[in-house]
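First up is the structure itself, then whatever we jot down about it.
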Amino acid sequence: MNWYDRHLLPYLIDFACGLPMVQQQRRQLVPKAHGRVLEIGMGTGRNLPFYDRSRVTRLVGVDPAMQMHHLAQKRSQKAGIDVELMGLSAEQLPTADASFDTVVCTYTLCSIPDAVQALREMRRVLVPGGQLLFCEHGRAPDLGVRRWQERLQPLWGPLAGGCQLGRDIPDLLAEAGFSANTQSAYLAGPRPMTFHYWGEAQAD
Ligand SMILES: C[S@@+](CC[C@H](N)C(=O)[O-])C[C@H]1O[C@@H](n2cnc3c(N)ncnc32)[C@H](O)[C@@H]1O
């Protein structure tokens, strides 16, 4: 791993993931998590302050980027919520089938190399009737914006930890066997980066 990815990227991601409109998305989504919760790609722990501690019985976080874990641990202490943080990739979870009530995945499907495989794993570990809570940026509906997503991708990807600007989140969810109640809209900011999809998904 190069110097940029190890030392600078965690703070840049933490900054971008803490922008006000992003925090507002978290505020709406994350308190819905309940029971045994698995958070995919916990990053610097930006969701931690938004969990409803009275409804969460166990919180496990996975993220292969160990250089972000210390920031997530700090946030967990500050938020007063315990998290079992593991340096794992979402594509292969060493977790029993049907062992979580809620999976939380925010701003992470853009960065997971095999997002469909990761979503299949999320589906596998959810109990029947369990929910995936998601909020992601992705493929814009407007052709002009999509062209910018394609133009910017070669520069953006290496600078943003492999983030793909144009992932079609509803398609990925459907391919992995989720049926989703999805909202979508542009949020504030540059349009190639800010078309959002969010909602709740259940196994078909
Ligand atoms: C833009 S950050 C978002 C962090 C956090 N989810 C949030 O909402 O602030 C993307 C995260 O996806 C993580 N990631 C990348 N590949 C992954 C994988 N294969 N499995 C799980 N997480 C992954 C990155 O390490 C990074 O922490």
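Remember, it's 1-based here, ligands and their atoms both numbered in the order they're listed.
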query: NZ/Lys74 to CG/Leu48 distance, rounded to the nearest 0.5 angstrom?
result: 14.0 Å
message: Please work out, at 4.0 Å between heavy atoms, whether the side chain, the backbone, both, or neither of Cys105 comes within that distance of ligand 1.
response: neither
- prompt: Would one find an N or O of Ile40, backbone or side chain, under 3.5 Å from an N or O of ligand 1?
  reply: no
message: Which of the numbered atoms in ligand 1 are under 4.0 angstrom from any heavy atom belonging to Ala65?
response: 25 (O)
- request: For residues Tyr11 and Leu71, determine if any side-chain heavy atom of one lies less than 4.5 Å from a side-chain heavy atom of the other.
  value: yes
query: What protein heavy atom is closest to atom 20 (N) of ligand 1, reported as residue, atom name and distance in Å?
result: Ala90 N, 2.9 Å
task: Considering heavy atoms of the protein only, find what lies nearest to atom 2 (S) of ligand 1 and give residue, atom and distance to 0.1 Å.
output: Tyr107 O, 3.6 Å
- request: Could you tell me whether ligand 1 has any atom less than 4.0 Å away from a heavy atom of Pro64?
  value: yes
- prompt: Any side-chain heavy-atom pair from Leu119 and Leu173 closer than 4.5 angstrom?
  reply: yes
- request: Please examine the side chains of Asp82 and Leu59, heavy atoms only from C-beta on, and report whether any two atoms are closer than 4.5 Å.
  value: no
task: Can you label the angle between the Phe195 ring and the Tyr197 ring as parallel, tilted or perpendicular, going by 30° and 60°?
output: perpendicular
message: Yes or no: does Ile112 have any heavy atom under 4.0 Å from an atom of ligand 1?
response: yes
message: Closer than 4.0 Å to some heavy atom of Glu91 - which atoms of ligand 1 meet that?
response: 18 (C), 19 (N)
Option with minimal heavy-atom separation from atom 24 (C) of ligand 1, where the choices are Val30, Leu88, Asp63, Thr108: Asp63
- prompt: Would you say the side chain of Glu39 lies within less than 4.5 Å of the side chain of Thr108, judging by non-hydrogen atoms?
  reply: no
message: Check the orientation of His137 and His196. Use parallel for under 30°, tilted for 30 to 60°, and perpendicular for over 60°.
response: tilted
Distance filter under 4.0 Å to Gly43 heavy atoms, resulting ligand 1 atoms: 4 (C), 27 (O)
- line: the protein heavy atom lying closest to atom 8 (O) of ligand 1 turns out to be Thr106 OG1, 2.6 Å
message: Check Arg167 with Glu136, please: is the shortest side-chain N to carboxylate O separation under 4.0 Å?
response: no
message: Check this for me, if you would: do Asp171 and Arg139 make a salt bridge, where the nitrogen-to-carboxylate-oxygen distance has to be below 4.0 angstrom?
response: no
message: Test your reading of the structure: does Glu39 have an N or O sitting under 3.5 Å from an N or O of ligand 1?
response: no
message: Show the atoms of ligand 1 that are less than 4.0 angstrom away from any heavy atom in Gly41.
response: 4 (C), 5 (C), 6 (N), 22 (N)
statement: Going by the 4.0 angstrom heavy-atom rule, the piece of Ile13 near ligand 1 is side chain
message: Using the rule that Ile, Leu, Val, Met, Phe, Trp and Tyr join whenever any side-chain heavy atoms are under 4.5 Å apart, tell me whether Val62 and Ile13 fall into a single cluster.
response: no
message: Side chain or backbone, does Arg26 bring an N or O within less than 3.5 Å of an N or O on ligand 1?
response: yes
task: Begin with the C-alpha distance, continue with both residues' side-chain angles, and end with the deciding distance and a verdict on side-chain contact (heavy atoms from CB on, under 4.5 Å) for Asp142 and Tyr186.
output: CA-CA 11 Å; Asp142 305 287; Tyr186 287 105; 2.3 Å; yes
- request: For Met68, take its heavy atoms, then give the atoms of ligand 1 lying under 4.0 Å from any of them.
  value: 27 (O)
task: Starting from atom 16 (N) of ligand 1, find the nearest protein heavy-atom neighbour and note its residue, name and distance.
output: Ser111 O, 3.6 Å
